[in-house]
Structure formats: structure tokens, C-alpha cells
Amino acid sequence: MAVESTVVTRASIRELGAMLRRGEVSPVDLADDALRRLDIDGRRLNAVVTLTVDRALRAARRAEVELRSGVDRGPLHGIPYGAKDLCAVAGYPTTWGAAPFVAQSFPEDATVIQRLESAGAVLVAKLAMVELAGGMGYDHANAALTGPGLSPWNPSAWSGGSSSGSGSAVGARCVPFAIGSETHGSITTPSAFCGVTGLRPTYGRVSRHGAMALSWTMDKLGPMARSAEDCGLILDAIAGPDPADPTSLNRVWQYRPERGRATGFRLGLLRGALDGAEPAVAANFEASLAVLRDYCTIEECDLPDLPHAAVARIIVASEASSAFEDFIGEGGPAGLTCENDRINPYAYDVISARDYLRALRVRRLIAREMDALCARYDALVTPTLVSVAPPADQSFATGPWRRATLPLGAAANVAGIPAISVPNGFGDRGLPTGLCLTGRAFEEHTLLAIARAYQRRTTWHEQRPPGISP
Amino acid sequence: MSEPTPPPDARLDAAMARVLAQHGAHLPAAAEVRLRENVRALLASIDALRNTPLINADEPDPVFRVYRADAP
């Protein structure tokens, strides 16, 4: 490789693309470097389930030939990435992060993998995750086939979940980007805890075909990367209608950053967003607001008074207990790693059909109220979480981490609206904190524009963790 | 006329009994305390939903669409 490996770990997707096209690095160089980093740092952080070495090198060699001969598939051509191990990849196990499914495989790639393949991206790894994406009720970082996901910033801390490996691998600069999934916090949480930028798209924006179903009406796939700009490029490749997923939106989405505004945004600051926040989280958020005021107007607003968390809990529990009905009925949870995951799924039986339908009816109220609120602003602004990552060896069901999540997370996931989390500083134990922007349905462009403008004014997203491989 | 709501503990006991009847074989006795906490949390969520007023016209978002293989 003509450029130093550390240069590669700092580069954006567009910069890597320019290096590839100038011949300073090759797709094989990038794949080799990513595989080496994943094998060292990725495994140290429990971020890797499977390195897809053969597939990666085949795809990288193909990209090398294509780029040399003038075939250009776009910005992701030749760029290595990892995918959360709930995305099916033909020829490799798809474990869903859970010991009982360690030998599971599928004959075809998930749609998101197919789309990235078409865009020329190079899959190098299937990344660790909380077992069954956290749908069984985990309360400990040990809820994973590969061991507790660890933060690249402090390996005694949890990486967040359920897209643990996606957060750690991007945060440790092993890969430029990864695919994560979110049902309720699973992209935004590890993004904040690992110091990366994560975009949760509108429900239906990205096909779920070939991805593990936890909650059919709440699952979303999305990018986790080094910047908002990179997230936009990735979403461009993976978004769009898919006949194989009847819940995919019938809308084409193309990344057109040049058409967007760079200033003049109107933000809603949720009253109470800092309730219970750690001092450093609060201080970083206030500092972020000062940056945002440079190009946005900010006014206080209130979250609708509805049972957001209860609706999210009942919908996820109902749909997960149906999606995993046979597994639960046959005593499968006994093979899971986290103690609560071995017990909690049986409790789901107390939810009646009428309770589930009531949750769906209240959900509609939430969706309308959230849309009315979001329509007044370009985005709602909050900390992503009110604490830094908890220690990886303690339950987070008790203690100061119990209330780390904000009510907005439940409301937004129930409503299916998009959000982006960007790094905005550091707190206790050297761990990163996050700034979250939540927008109206289909407004990913607006969220990306606000986040890009924030990242032009700050350098938090460019920081590299100490101790990663040279 | 609807039936009176039983006292909270009786409702919790009944829910626990139902879960244990269905899945008790998969659960060690030591799990019962934690299971009870989890059932209690779910019942609290259900109560939160029941305390949200709804009218007859408040329908869930449709999750079923009529199917015809040759539809355009």
C-alpha cells in the first residue's frame, strides 16, 4: 500500500475513493488492512463473528480489475465494510448473535448485502451483536455469542447494543462503515458509546429482506460510519423499494448533498432532555447547542404525553414472541448467554391479542402527535443518551445506567421516524457522548444536512481511540 | 358490565400461574423471582396502555393488505 495504514483509518469514503482511483491504494490493500485490523482490534473488542476472507478477497480483486478498466460503480466501489450478523450472507453462518443459531446459514444474501455488492462495496466481516438483537430482554453486556461488546475508547466499557460489533469495528477504525439495525435504540446507542455516526432511517426506507425479524413493524437497517457524509453515501446504495419486503417504502432515495441547505435550520429542543444526565453529557450537549446556534434557531418544545415506552415494549415483546414462537416454546432460550434472556421471553405470554392491538392503536396516536411536533422543526435535538457506556461486567438494569435512554427514543421508534447520532465529546472514563437529531418521516436529507454542518464545525467524529493498531 | 379488576397481586399471581403452566418445564425454580419482576413490568406497560383513552374510530395502522397474485 503506497499510503500508510493510519491514513486509511482517518479517511472518509470519498477520500478513500479518490485514493483508489489515483492508484495510491487498491481494493485488495483496503480489504487486507481491514481484515488485519478486525483480526486484532476487532476480536479484542469482541466485535467479530466471522471474517469473510474468501468473499472479501474475491470482491476486492474484482473491484480492482473494474476500477482499472474504467468500470466505476460509485463511491462505495472497493470500500470494505462489515455487516451485523443478522444479515444473511450466502456461504457463511448467520448466527443472529446467539449460541443456539451458531450453525445457521441461508442460501442467499439479504437485500442490503446484495445492494452493497452491486455498489462494489467489499464485505469483510459479519459483526457481533446482542443475541437475537436484544429482543429477549437482555440486561447485561454478556448477552452475546462472542462475549460482551467492548468500546474501542475504553475496553472495560460496553460498546452498546444491539449493533455492538458494528459500533466497535467502525469506532476502532477497522472498517470505514458497517450495517447495523435498530428496533429500539440499536443503532443510536452503539453509535454514541463507540464515538461513530449512525443513521436510523425511516421505517421501510431500507429493505429488511434477509435480515432477522425481531419486530416486523419496528425493525430498521441503517449505516454506521465515520461521518454524516459517509452515512448519506451508504444510504444511497441501500435504500429503495424491494418486492421481497412488502414493508419497504415505494420511494427512491438518492443522496444529493449539494441540493440541501447548509444553514437556517429550525430545531426543537425537548424540555427535560437533560433530566438525569451525567454532568459531562450535559456539558457536551450545551457545547453542541452553542455550535448548532451558529446555523440553526433553537426553541424549546415538549414531547407528547403518551405511553411511548409501554407501546414500544408491548409491540416488540408481542412480535418477538411470535417471530420466535417455536424457539421459545421448545425451551430454546436456555441456550442463550444472558440470564434474563433465558427467563424473560416466557413472560411475553401475559400479553393478550387485545393488548397488542391496543398498543397498535395507541401507536397511531403517537405517530400523529410526533408528526405534528416534527413538522414544526427540521429536527428535534437531544443527547443520544444521558450517560456514557456502562461497565461491560455489570448489569445495566440497575444503577445509574438504568435510565440512560430518553423517552424520545421510544416515541421515535414507535413512530418509525429517522434519527442520526453524531459524536459530540467525551465524558467519564474517556468514553464518547452523542448528539441526536430526530426528524420527520422521510427527512433523512435534512438530518444529514444538519449533521454535516455540525461536523464541518467540530472534530469529534475525526478522533481515533487510543490503543488501536498502527 | 365489565368484571372488576382484581387487586394487583392477585392479577400478577394469576399471570405467573399462566406462564408457569405453559413454560414451567423450561424454567428452573430459581428463575421465578426474576420472571415475576418481568411479568410485573409487562403488566405495568399494559396498564399504561389501558390508561390511554381511545375512541371507537382509533384503529391500528393496517397490517394486512388484500392479496392478488396478478395485481398490478
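Proteins get letters first, then strands, A, B, ... in listed order; numbering begins at 1 in each.
- For a heavy-atom cut-off of 4.5 Å, chain A lies close to His26(B), Leu27(B), Ala31(B) in residues 25-33 of chain B.
- Between Val362(A) and Val414(A) there is no side-chain heavy-atom pair separated by less than 4.5 Å.
- Contact count against chain A (heavy-atom pairs under 4.5 Å) is highest for Ala41(B) among Pro53(B), Ala41(B), Ala44(B).
- Put simply, the side chain of Leu380(A) reaches to within 4.5 Å of the side chain of Cys374(A), judged on heavy atoms.
- Put simply, of Asn340(A), Leu306(A), Val311(A), the one with the most heavy-atom pairs under 4.5 Å next to chain B is Asn340(A).
- Contacts of Pro246(A) with chain B are made by both backbone and side-chain atoms, with heavy-atom separations under 4.5 Å.
- The environment of CZ in Arg251(A) is sparse: at most 12 heavy-atom neighbours from other residues, nucleotides or ligands sit within 6.0 Å.
- Interface remark: Glu59(B) contributes backbone and side-chain atoms alike to the contact with chain A (heavy atom separation under 4.5 Å).
- Residues Glu369(A) and His308(A) have side chains that never bring a donor and an acceptor to within less than 3.5 angstrom of each other.
- Ring pair Trp96(A)/Phe101(A) is tilted by interplanar angle, where 30° to 60° counts as tilted.
- When heavy atoms are compared at a cutoff of 4.5 Å, Arg36(B) does not approach chain A at all.
- The ring pair (Phe, Tyr, Trp, His ring centres under 6.0 Å) check on His23(B) picks up Tyr346(A), with sequence neighbours excluded.
- Per-residue heavy-atom pair counts under 4.5 Å with chain B were compared for Val350(A), Leu357(A), Leu365(A), and the maximum is reached by Val350(A).
- Neither the backbone nor the side chain of Ala334(A) comes within less than 4.5 Å of any heavy atom of chain B.
- Proximity to chain B (any heavy atom under 4.5 Å) is restricted, for Ile314(A), to the side chain, taken from C-beta onward.
- Separating the CE atom in Met136(A) from the CD atom in Glu131(A) is a distance of 9.0 Å, to the nearest 0.5 Å.
- Across Ser318(A) and Ile351(A), no two heavy atoms sit closer than the pair OG-CG2, 3.5 Å.
- A salt bridge between Asp242(A) and Arg208(A) is absent, with no side-chain N of the basic residue lying under 4.0 Å from a carboxylate O of the acidic one.
- Neither the backbone nor the side chain of Asp305(A) comes within less than 4.5 Å of any heavy atom in chain B.
- Between the Ser162(A) side chain and the Val130(A) main chain, no donor and acceptor come within less than 3.5 Å of each other.
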